[in-house]
Amino acid sequence: MPGSAVPSPRSANRVDETAYDRRRLRQWLAGEARAEGVSRRTLLTLLAATTAATALPSPHRAHAADDAIRKPLPPEWFIRRGTNAETRWEALRGTGHHTPNELFFVRNHTATPLLDAQQWRLRLWGSGLRGAPGEDRPVEFGYDDLRALPAVVRTAFVECAGNGRSHYTTQQGEPVSGTPWTLGAVGVARWRGVRLADVLRRAGLTRHAVDLQPRGLDAEYVSGGENLGRVRRPLPLAKALDDVLLAYEMNGEPLPHDHGHPVRVLVPSWAGIASIKWVGDIEVSAQPLFSPWNTAFYRLFGPAHPPEGSAPLTRQTIKSAFELAAGATVPVGEEYVLHGRSWSGAGAVARVDVSTDDGATWRRARLHDRPRPDTWTRWSAVWKPGTRGPAHLLARATDTAGRRQPLTAVHNTQGYLFDAVVRHPVSVV
Ligand SMILES: Nc1nc2c(c(=O)[nH]1)N[C@H]1C(S)=C(S)[C@@H](COP(=O)(O)O)O[C@H]1N2
Ligand SMILES: [Mo]
């Protein structure tokens, strides 16, 4: 059973990221924000609403090293995509609620570093911690220090904001930049770690803190010839105090190297980029923070969005996937059980409808999990195909926040947050 041992005052603590972001930008203009590694032009673009979204840099992988990922990537489980590996949905058939670590997708901006837990230190620093004005006042924690704090366990998905991106092109004919994931840049694990809130309190958090910025110990990321520095992304304090973990175990094992060993940030229900792997330091700031990962990347740009882009992405959207290969063969005239999973960043998925006639009729799928937030709900539906030939399978989820997957997703240039019903091709033989 997916267990979430940490109660959280979710509705009370919802982050109004749009208003917050406007304030961030105003403070930056007034010289009250830190934006190391973000060009003035990028910030002005966001603010002044004059430059076209296409003028922003698009993410390029600096290298596609074969050793970017440490764990074995058998082709029947994974699709290699540069420094990343996408889980094949047919490989999840027969696995339980939690994605086995060996099958979990990997998204690396550069390459997995091999870190030693006993050498590892976490440094917290910045103007949002107690200390003499102008001083960084770093506070350090070792691996055993974290292990000695009260442990919590939480089941949550990690999903790349670009998961499903390729469907903007294949289903909607729209160009997008970035890794052309199908639907396999998502996994669910049982994470064990400590509350970031507990660590912040011990580090001397002040009431002036507004933003945090965890930073990875992996190599600096070079995109389009520009060194963007180490992977880091601001996190509003309200979310950090709500349900964020510093995770050191994944499905009962020490965190694997590819997933952030020895410790990663785990931000339930938010875009995967928030869950910084191999975390080495966290800036705690009394000023708003910017990095390329909340300015040029992980905002929505395009005709349907404000010229300066949307607010930085927070929660993931709603999706469904069949545990079936694209183009799988299904025997004609026999009852065939279709299996799948649906999930949403806004709430639990409590209803899934399936269509085997291109959306003309829908029937309710049987749910195999008690619907819970931050994770998926497994489901099944019986299909008895009557005629041979190509067909499409459709699944459409509805979450407890009232969101239902649309038939078309609203385009954005970087292809984030694809939420439309995916037409899964099969062949009836
Ligand atoms: N340090 C660091 N953290 C990172 C990344 C990275 O490249 N470096 N990638 C991010 C992105 S974009 C995603 S989607 C998730 C993927 O987590 P996983 O590789 O454990 O599946 O990690 C995030 N954390
Ligand atoms: Mo991602």
Side-chain angles (χ1 to χ4, degrees), residues 37 57-89 91-92 99-117 119-120 157-166 176-187 189 191 214-233 247-248 250-251 253-267 271-281 291-293 296-298 414-416:
S58 61
H60 290 290
R61 285 168 306 282
H63 48 87
D66 247 10
D67 57 359
I69 298 174
R70 298 288 169 163
K71 68 184 175 186
L73 299 171
E76 61 276 22
W77 288 358
F78 290 102
I79 305 159
R80 294 294 308 263
R81 302 197 184 280
T83 54
N84 316 296
E86 173 170 358
T87 303
R88 290 187 187 276
W89 267 91
L92 293 182
T99 312
N101 293 355
E102 312 80 68
L103 272 174
F104 211 97
F105 86 101
V106 181
R107 197 295 187 234
N108 281 348
H109 281 72
T110 59
T112 295
L114 291 182
L115 304 180
D116 178 67
Q119 309 280 309
W120 175 86
F157 63 74
V158 169
E159 182 184 22
C160 189
N163 194 26
R165 171 183 283 135
S166 67
V176 287
S177 59
T179 305
W181 306 108
T182 52
L183 286 172
V186 61
W191 310 94
R215 181 162 54 167
L217 290 165
D218 42 339
E220 294 179 334
Y221 179 58
V222 177
S223 170
E226 200 187 339
N227 186 346
L228 301 180
R230 289 198 275 127
V231 179
R232 63 200 187 283
R233 208 229 182 196
Y248 47 68
M250 181 177 181
N251 294 323
E253 294 168 18
L255 204 60
H257 284 295
D258 294 311
H259 300 289
H261 185 87
V263 176
R264 83 179 298 169
V265 180
L266 193 273
V267 183
I273 185 62
S275 293
I276 294 294
K277 303 192 278 189
W278 314 293
V279 60
D281 72 292
S291 88
W293 288 269
F297 309 137
Y298 302 101
Q414 293 173 96
Y416 296 128

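Here the structure is a predicted model, which is why all the values come from computation and not from measurement.
In this structure, the side chains of Thr99 and Phe105 stay at 4.5 Å or more apart for every pair of heavy atoms. For the pair Leu228/His109, no side-chain contact is recorded, criterion being any heavy-atom separation below 4.5 Å from C-beta on. Annotation: side chain of Pro100 is not in contact with side chain of Asn251 (no heavy-atom distance under 4.5 Å). At least one side-chain heavy atom of Tyr248 sits less than 4.5 Å from a side-chain heavy atom of Val263. Between Arg233 and Phe297 there is no side-chain heavy-atom pair separated by less than 4.5 Å. Two residues are said to be in side-chain contact when any heavy atoms from C-beta on lie closer than 4.5 Å; Val158 and Arg264 meet this criterion. By the 4.5 Å heavy-atom criterion applied to side chains, Arg230 and Tyr221 are not counted as neighbours. Residues Trp120 and His261 are not in side-chain contact: their nearest non-hydrogen atoms beyond the backbone lie 4.5 Å or more apart.
Interatomic distance, Leu73 CG to Thr87 OG1, rounded to the nearest 0.5 Å: 9.5 Å. Between Trp191 atom CH2 and Phe157 atom CZ the span is 12.0 Å, to the nearest 0.5 Å.
Closest non-hydrogen pair, Ala271 versus Ala161, comes out as CB-CB, 3.9 Å. Across all non-hydrogen atoms, the minimal contact from Arg165 to Ser177 is NE-O, 3.2 Å. In terms of heavy-atom proximity, Phe78 sits nearest to Ala85 at CD2-CB, 3.8 Å. Here the shortest heavy-atom pairing between Glu253 and Glu102 reads OE2-OE2, 4.4 Å. When all heavy atoms of Arg232 and Pro292 are compared, the pair lying nearest together is NH2-CD, 3.7 Å.
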Could you tabulate the donor-acceptor pairs under 3.5 Å formed by side-chain atoms of residues 272-279, not counting sequence neighbours?
{"residue": "Ser275", "atom": "OG", "partner": "Val267", "partner atom": "N", "Å": "3.0"}
{"residue": "Lys277", "atom": "NZ", "partner": "Arg107", "partner atom": "O", "Å": "3.1"}
{"residue": "Lys277", "atom": "NZ", "partner": "Asn108", "partner atom": "OD1", "Å": "2.8"}
{"residue": "Lys277", "atom": "NZ", "partner": "Asp258", "partner atom": "O", "Å": "3.0"}
{"residue": "Trp278", "atom": "NE1", "partner": "His257", "partner atom": "O", "Å": "2.8"}

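Under the 3.5 Å distance criterion, the side-chain polar atoms of Asp218 are left unmatched by any main-chain donor or acceptor of Val231. Glu86 places a side-chain N or O within 3.5 Å of a backbone atom of Thr182 that can act as its donor or acceptor partner.
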